[in-house]
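To start, the structure under review is shown below, and the notes come after it.
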Amino acid sequence: MKSPAVRRGAAAVLVLVVMAAGWAIVDRQRDGGASGPRIALSLSTLNNPFFVDVRDGAQAEADRLGARLTVTDAGSDPSRQANDLQNAIAQRVDAIVVNPVDSDAIVPSVKAANAANIPVVALDRGPSGGAVVTTVASDNVEGGRLAAQQLAELVGAGPVAVLEGKPGTSAARDRQAGFDEEIVKYPSITVVASQPADFDRTKALNVMSNLMQSNPDIRGVFAANDEMALGAIKALGSRAGNQVKIVGFDGTPDGLAAVEAGTQNADIAQQPRELGAVAVRLAVESLGSAPAGEPGTDGVDSGVHSVPVRVVTRGN
């Protein structure tokens, strides 16, 4: 059963499909011109330093290429993101870069862009359907594996907990899959709790506080992003980084500062500025070739353009 937000987003976007398909090609050819292509960047949230860096990298690359970039903040609301993309399609942008709030809820918007012959590049998280030129993302599965390795080495033996990302996002799913796949190779480590905290610092603080009450002997935590790691650090107080080892994910300035301070033991660092830059560059390059797939084709994707991750500790 689809959620009301998904149904509302689908209804709002699909009304554009028939009319968009009729006029989009002509208007894009007319408006692109010497003033540079118009790129719409829809981010799931800007209430997260990681995505602020993504935006800044995208803007710098757009400036370098002479493209006109419009950035919208969905505020973690699938319906709001659907409206933002509806407006972008109505304004006849040349290409769309989208970082989905929800991989399922975004599908009608991607299909509407397909119908309007507007290339779509997915950023950090892929849609569950529709045609995209590519998905620009860190190797989240490999990052999850690296996190498991680091946590196992830090803890040695004992119970650990996982703070999962936002359900319905490919990033949360892939990081969890990589972690789960790797952690079973360490039989002395037991995952006693694994709960979502939605990539949010405040939610992570509350979830971690509750987990410590029910599992007071936890010796390690994998947080699927730095915001959740920072929430866990606050919940753990003086135990963070000492009695309880913490591994985060993203490599945000706050996360790296926590590593340097010793309250976070390791970080699986992405390159958010590079993610934003690569997504804009590929969106502009896509205008010189046919967009991926035909309107209405599900799951068409030329593959993931991976940006490497690396392990950051206080020692390196």
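Keep in mind that what you see is a predicted model, and the values were worked out from it rather than measured.
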>> Apply side chain to side chain contact (heavy atoms under 4.5 Å, CB included) to residues R80 and T72 and explain how you reach the verdict.
In response: CA-CA 10 Å; R80 179 171 164 184; T72 53; over 6 Å; no
> Going through the distances and angles, do V247 and L154 end up as a side chain to side chain contact (heavy atoms under 4.5 Å, CB included)?
Replying inline: CA-CA 9 Å; V247 176; L154 287 162; 3.9 Å; yes
> For T169 and D124, what are the C-alpha separation, side-chain angles and deciding distance, and is it a side chain to side chain contact (heavy atoms under 4.5 Å, CB included)?
Replying inline: CA-CA 9 Å; T169 64; D124 190 53; over 6 Å; no
>> Please determine whether side chain to side chain contact (heavy atoms under 4.5 Å, CB included) holds for the pair Q150 and F222, giving the CA-CA distance in whole Å, both sets of side-chain angles, and the decisive distance to 0.1 Å.
In response: CA-CA 9 Å; Q150 286 295 305; F222 167 50; over 6 Å; no
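Counting only residues at least two apart or on different chains, the salt bridge (charged side-chain N to carboxylate O under 4.0 Å, His left out) pairs with a member in residues 224-249 are R201-E227. Residue pairs that meet the salt bridge (charged side-chain N to carboxylate O under 4.0 Å, His left out) test with at least one member in residues 144-163, sequence neighbours left out, are E142-R145, R145-E181. Sorted by first and then second residue, the side-chain hydrogen bond (donor to acceptor under 3.5 Å, both in side chains) pairs involving residues 44-53 (not counting sequence neighbours) are S44-N99, S44-R125. The stretch residues 55-64 participates, sequence neighbours left out, in these side-chain hydrogen bond (donor to acceptor under 3.5 Å, both in side chains) pairs: Q59-D63, E61-R64, E61-R281.
The backbone N or O of R38 lies less than 3.5 Å from no partner atom in the side chain of T70, so there is not a single donor-acceptor pair. In this structure a side-chain-to-backbone donor-acceptor pair under 3.5 Å is present from D102 to A105. R175 contributes no side-chain N or O that, together with a main-chain N or O of F249, makes up a donor-acceptor pair within less than 3.5 Å. D94 places no side-chain N or O within 3.5 Å of a backbone atom of I39 that could act as its donor or acceptor partner. D77 places no side-chain N or O within donor-acceptor distance of the main-chain N or O of A74, the cut-off being under 3.5 Å.
In this view, D217 and P159 satisfy the side chain to side chain contact (heavy atoms under 4.5 Å, CB included) rule, not counting sequence neighbours. With sequence neighbours excluded, no residue forms a side chain to side chain donor-acceptor pair (under 3.5 Å) with D73.
Here the side chains of L211 and L163 are in contact, with some heavy-atom distance below 4.5 Å.
Judged by distance alone, the side chains of Q176 and D180 do bring a donor and an acceptor atom under 3.5 Å apart.
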